[in-house]
Amino acid sequence: MRILITGGDGQVGKAFSRQVQNHELFACSRSELDISDPASISKAIERYRPDVIINCGALTDVDKCETSPELAMSINGHAVGLLAAQAEKCGASLVQISTDYVFDGEKDGPYIEADSTKPISLYGQSKLLGEQLAGSNALIIRTSWVMSLDGNNILVKILRLLDEGNELKFVNDQIGCPTFTDDLVNSVMKLIESEVAGVIHVSNSGSTSWFDFAQQVAECAGSDSKQVSPISKSDLNRPARRPANSVLENRRLVDLGFPPLPHYLDSLNQIISNNKRPLQ
Ligand SMILES: NC(=O)c1ccc[n+]([C@@H]2O[C@H](COP(=O)([O-])OP(=O)(O)OC[C@H]3O[C@@H](n4cnc5c(N)ncnc54)[C@H](OP(=O)(O)O)[C@@H]3O)[C@@H](O)[C@H]2O)c1
């Protein structure tokens, strides 16, 4: 397959470039392919003639989305409609990466694909619009708490703060499923190769709070977990609300016969013990 990646400089985009060896992959950064610009999309499609477009481009700063609603709706929402229209025209299938933040977090238990969406932030609303505009033939991957050793993400931040000997404060009233980009990409590629469509949850197994997770990272990296102390979401006074519970059950993935993703603690251990690269 010829696969076009948007948002190729982001952490998920980079993981596709790193991992996919058995297909022709064309990863475009925002400067080459701006998903909010129809001319830029058609230029890239003419150039790369993709069979599949994987949209990893997004405004992922949740608080910035809250303070810049038009920008959020444009990039995370309407741009997906533009991509879907052009994908259909050239006969390519569309894969849209979406989020656990489409849920309000009030459920007592993990969310399945059939649960009602009710975003409580502009980021969640804009990503939900993206799901709706992706079209009925698209594969929509809802994932959560995405991390890797690439770029600016929470795992890199925790490791850096621990290294510098800082005191870390993490919320203990928000739970979810940490998901490692390499595990995510592995699973998404299996779904693409099997031509699965519709909404599907893809996250690492297991769930945790940010506080417990930061302590687990400290233990795993050989740092002192006492550097991490618990706070509440309300202590942070951030512009955007976060769902208290956004644990994703990967029910459809398993029902379709695909293997569940590894437990996040196994992947965390592996990524830290294999890391020979300096943090970026
Ligand atoms: N990170 C998470 O915890 C998380 C959780 C659930 C779902 N997701 C979803 O996973 C996907 C990938 O996220 P990520 O973690 O890889 O985020 P990321 O590292 O922030 O990457 C997003 C990329 O999109 C690019 N981008 C922004 N505006 C664009 C535009 N108009 N056209 C093309 N590209 C544009 C960004 O470029 P610039 O840096 O140049 O702006 C960046 O390279 C997103 O759809 C996100 O919503 C992420």
Side-chain angles (χ1 to χ4, degrees), residues 4-19 26-41 43-45 53-65 68 70-83 86 94-103 111 119 121-131 133-134 138-158 174 176-185 187-188 199-204 210 213 240 242-243 246-248 261 264 280:
L4 176 62
I5 305 282
T6 69
D9 272 355
Q11 60 166 340
V12 174
K14 280 183 182 165
F16 275 105
S17 297
R18 192 168 56 236
Q19 268 183 262
F26 309 98
C28 297
S29 67
R30 178 157 63 119
S31 57
E32 190 182 357
L33 199 187
D34 179 344
I35 58 171
S36 60
D37 174 5
S40 174
I41 302 173
K43 200 170 141 203
I45 286 183
I53 301 171
I54 307 178
N55 181 27
C56 302
L59 185 61
T60 57
D61 181 332
V62 176
D63 291 320
K64 183 165 180 194
C65 286
S68 313
E70 279 178 22
L71 189 65
M73 286 300 191
S74 161
I75 297 174
N76 295 341
H78 298 294
V80 184
L82 300 176
L83 278 172
Q86 299 220 26
L94 178 64
V95 180
Q96 168 65 7
I97 312 292
S98 193
T99 173
D100 52 335
Y101 279 32
V102 296
F103 296 116
Y111 283 94
S121 64
L122 246 305
Y123 172 71
Q125 280 175 37
S126 64
K127 293 295 292 183
L128 183 58
L129 180 64
E131 288 190 4
L133 296 180
L139 169 61
I140 295 168
I141 308 287
R142 282 197 197 127
T143 188
S144 60
W145 295 24
V146 177
M147 56 189 80
S148 61
L149 292 179
D150 276 318
N152 186 22
N153 68 76
I154 199 85
L155 176 62
V156 171
K157 190 173 162 193
I158 294 171
Q174 188 186 354
C177 306
T179 301
F180 292 87
T181 55
D182 287 359
D183 296 328
L184 173 67
V185 164
S187 191
V188 172
V199 175
I200 189 156
H201 292 177
V202 182
S203 58
N204 277 105
W210 280 119
F213 180 72
R242 272 78 171 163
S246 62
V247 175
L248 298 177
L261 274 65
Y264 76 89
Q280 292 165 2

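Just follow the structure's listing: the first ligand is 1, and inside any ligand the first atom is 1. Please read all numbers here as calculations on a predicted model, not as lab measurements.
- Applying the 4.0 Å criterion to heavy atoms of K127 picks out, from ligand 1, the atoms 44 (C), 45 (O), 46 (C), 47 (O).
- Here R142 has no heavy atoms under 4.0 Å from ligand 1, in either its backbone or its side chain.
- At a heavy-atom cutoff of 4.0 Å, ligand 1 is contacted by the backbone of L33 but not by its side chain.
- In T60, the part holding a heavy atom less than 4.0 Å from any atom of ligand 1 is the side chain.
- Residue C56 approaches ligand 1 through these ligand atoms, each under 4.0 Å from one of its heavy atoms: 12 (C), 22 (C), 23 (C), 24 (O).
- Not one N or O on the side chain of S74 forms a donor-acceptor pair closer than 3.5 Å with the backbone of E70.
- V146 CG2, 3.5 Å is the protein heavy atom nearest to atom 4 (C) of ligand 1.
- Side-chain contact, D150 with Q11: no donor N or O sits under 3.5 Å from an acceptor N or O.
- Within 4.0 Å of atom 39 (O) of ligand 1, not a single protein heavy atom is present.
- Close approach to G57 involves these atoms of ligand 1, each under 4.0 Å from a residue heavy atom: 24 (O), 34 (N).
- Close to ligand 1: D9, with a non-hydrogen atom less than 4.0 angstrom away.
- The main-chain N or O of L33 is never found under 3.5 Å from a side-chain atom of K43 such that the two would form a donor-acceptor pair.
- Protein heavy atom in closest approach to atom 16 (O) of ligand 1: V12 N, 2.9 Å.
- Here the side chain of T179 pairs a donor or acceptor atom with the backbone of S144 at under 3.5 angstrom.
- The heavy atom nearest to atom 24 (O) of ligand 1, considering only A79, A58, G10, is found in A58.
- Taking every heavy atom of D34 and a limit of under 4.0 angstrom, the matching atoms of ligand 1 come to 30 (C), 31 (N), 32 (N).
- Some N or O of I35 is nearer than 3.5 Å to an N or O of ligand 1, by distance alone.
- Using a cut-off of 4.0 Å between Lys/Arg side-chain N and Asp/Glu carboxylate O, R242 and D63 are scored as salt-bridged.
- Contacts of S98 with ligand 1, taken as heavy-atom pairs under 4.0 Å, involve the backbone alone.
- Using the six-membered ring where Trp is involved, Y264 and F213 have ring planes that are tilted, between 30° and 60° apart.
- By the 3.5 Å distance cut-off applied to N or O atoms, I97 is counted among the residues near ligand 1.
- Residue W145 touches ligand 1 through its backbone alone, judged by heavy-atom distances below 4.0 Å.
- For Y123, every heavy-atom contact with ligand 1 shorter than 4.0 Å involves the side chain, none the backbone.
- Of the candidates L261, V185, L155, L155 is the only one forming a side chain to side chain contact (heavy atoms under 4.5 Å, CB included) with F180.
- Side chain of S98 to backbone of I140: no donor-acceptor contact under 3.5 angstrom is found.
- With hydrogens left out, the protein atom closest to atom 6 (C) of ligand 1 is T143 O, 3.3 Å, a heavy atom.
- Between R30 and ligand 1, a contact under 3.5 Å exists for at least one N or O pair.
- Considering both main-chain and side-chain atoms, Q11 comes within under 3.5 Å of ligand 1 through a nitrogen or oxygen pair.
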